[in-house]
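When a ligand or atom number is given, it counts from 1 through the structure's own listing order.
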Amino acid sequence: MCGIIGYIGDRDISSVLLVGLERLSYRGYDSSGIAVISSNELSIWKKAGKIQELSRILSGMTIHSNIGIGHTRWATHGVPNDINSHPHLDSSKKFCIVHNGIIENYLELKNELINDGVLFRSQTDTEVISHLISKYYTDSVEEAFQKTIQRLKGSFALSLISEYLPDQILFVRKGSPLIVGLGKNENFISSDINAILNHTKEVIYLEDGHYGSLSQTSLTVFSEKGKKVTPKISSINWNPEDSEKQPYDHYMLKEIHEQPHVVRKIISKYVSNDNKINFTHLNGLDLSNISRFIIQACGTSWHAGLIGKYLIEQYANVVAEVDISSEFRYRRMISHGNDVVLAISQSGETADTLAGIHEAKSHFFPVLSFVNVKNSTIDRESDGVVYSHSGQEIGVASTKNFTAQLTSIYLFSIFLARVKNVMTPEEADKHLNELKKIPEYIENILNQAEKFKKLADKYYLSNQILFIGRGMNYPSSLEGALKLKEISYIHATGYAAGELKHGPIALIDSKLPVVCIAPDTSTYDKMLSNIQEVKSRKGKTIIIATEGNKEIKQYADDIIYIPKTTEDLTPLLVSIPLQLFSYYVALNLDCDVDQPRNLAKSVTVE
Ligand code: F6R
């Protein structure tokens, strides 16, 4: 959450900072700001609203400077207004800070500073940092910065520029991501590679607790204990064009359409021509004696975990529990021996999931993570990793990465079953051969865009929509509801269809659309009864069923068919109509599909 960019070099500073912020804006888009030093003087521009608001106040200006920092905010402390926007200054206006994360002891520090006579301008936790640096400054900005970071509790990434040190950017990474980009006679600091990929592919992923300084031609990094370290340089092979949305109107639509490619890519990464599954980053994790997985994740990744539970239990005969990370991290952890904590995360930076990993490790659980972003914190802190290979996901609502997570968990479950010798090679072949048909099936659904538009036209004015499913498609109903509410702001809830009569059935009347996920599975007959319960209370049924099922049509106000596949693969197909329905509903309502209100792509605060 929140994006930080810093640049020191000869390019046009405002363009480097603004383009960088635009590319970081998926991390938060409540307000943005930049600060530069020119002719030894600090100047700041900041504005509530999206980056375009900031660009507007900067348009027509030529800024002569070769050092600057910028920030895009997801508000935690204080409403999103101009004053609370970053960068933040101290009272002498000599120290300028951008910050990602939360300073947990800020109230205590703020009271101390108020007692010293400091006047605060904003409601943010960040402002204490610039005042503290000012308090500790005698003749070395580096020393004042170091003393300040020792007093801060919480998780944070910071960048500082100061008139007293006009040729350096100071930085620290503690619990929130920060990378350094190395260029020729120029250097960058950023929350992630998106912001700087256009300029350099040589980056340093700073380790937790590391801090240092960056000049136009040099970089100095210290460990948390103050020892000078030589950081490892990584070369990035991402293509900046992956960050473009053309020819689609939105990243979300582009990413929905990338799903057949993503499934094919994952299969090609993990399955050999003779159907052998191989995961290369398990790093020696012994899975043969494993007796329990504890899956922990947030949001859409948690839904993938719920589906993963079914697959792991069914194929590999291993117990799998699933928990929301923000709950898991505070629960007593009881080890039965041979347990593995399995974390799932697209960004690899989600604070709660990461904290769950830390808790698990402190109780000596091995951690296996399913992660999309390579070199992310979760990637680096896990014992073993399975990469989702979905490429860069920019739309805030997760689509292609959900599909990627499901595909890789499906493969992992078969792999585990083979390792544990509870699945024959012939059975594994059958599952894999069916998976290989999925990309084509997804293409088939994507080709029916007109249908989803019509459906959206019919239902977009609904006040609320209920989603129901059973078995593996109960999590699909949760995901369908999450997609709809996050991008269209229509209230939506997912329910296990069997639970309807235990309460939510009271909601049903002639105005309530109910999305009923009812493909051909072992619980189809039960689902059919649940649909009739809805129908007999005059609910409007939007049914997702398997192609060729004519019987179910009589219960449907609207019907969407998906190609026939095995039960275990139905969530992969079901999610596509649900994504497209949400997308077109949100479009009809004029919502900002890629950057829905109040959200951020990477949730790096608790
Ligand atoms: C919803 C969505 C979020 C994320 C959640 C976890 O569309 O994207 O619910 O799934 O914030 O994020 P990751 O997977 O990055 O840990």
Report, in ascending order of atom number, the atoms of ligand 1 lying under 4.0 Å from any heavy atom of [X].
{"X": "Glu486", "value": "1 (C), 7 (O)"}
{"X": "Gln346", "value": "13 (P), 14 (O), 15 (O), 16 (O)"}
{"X": "Ser345", "value": "13 (P), 14 (O), 15 (O), 16 (O)"}

Closest approach of any protein heavy atom to [atom], naming residue and atom:
{"atom": "atom 15 (O) of ligand 1", "result": "Ser347 OG, 2.6 Å"}
{"atom": "atom 11 (O) of ligand 1", "result": "Val603 CG2, 3.9 Å"}
{"atom": "atom 12 (O) of ligand 1", "result": "Thr350 OG1, 3.4 Å"}
{"atom": "atom 2 (C) of ligand 1", "result": "Thr300 OG1, 3.7 Å"}
{"atom": "atom 5 (C) of ligand 1", "result": "Cys298 O, 3.6 Å"}

Thr353 versus ligand 1: do any nitrogen or oxygen atoms come within less than 3.5 Å of each other?
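By distance alone, the answer is no.
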Strictly below 4.0 Å, N to O, side chains only: are Asp592 and Arg597 in salt-bridge contact?
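Between Arg597 and Asp592 there is no salt bridge, as every charged N stays at least 4.0 Å from the carboxylate O atoms.
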Select one of side chain, backbone, both or neither to describe which atoms of Val396 lie under 4.0 Å from any atom of ligand 1, heavy atoms only.
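Under 4.0 Å from ligand 1, Val396 contributes backbone atoms alone.
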Between the main-chain N or O of [Y] and the side-chain N or O of [X], is there a donor-acceptor pair closer than 3.5 Å?
{"X": "Asn473", "Y": "Ala518", "result": "no"}
{"X": "Lys400", "Y": "Ile256", "result": "no"}
{"X": "Arg380", "Y": "Asn375", "result": "yes"}

Is the His210-Phe171 ring centre distance short of 6.0 angstrom?
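His210 vs Phe171: aromatic centres not under 6.0 Å.
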Are Phe415 and Phe279 close enough that their ring centers fall under 6.0 Å?
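They qualify: ring centres under 6.0 Å apart.
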Taking the six-membered ring of Tyr387 (Phe, Tyr or Trp), confirm whether the NZ or CZ of Lys374 is under 6.0 Å from its centre and within 45° of its axis.
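That pair qualifies as a cation-pi contact.
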Out of curiosity, Glu255 CD to Phe402 CZ, how far, rounded to the nearest 0.5 Å?
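Nearest 0.5 Å value for the CD-CZ distance: 15.0 Å.
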Any heavy atom of Lys483 closer to ligand 1 than 4.0 angstrom?
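Right, Lys483 reaches ligand 1.
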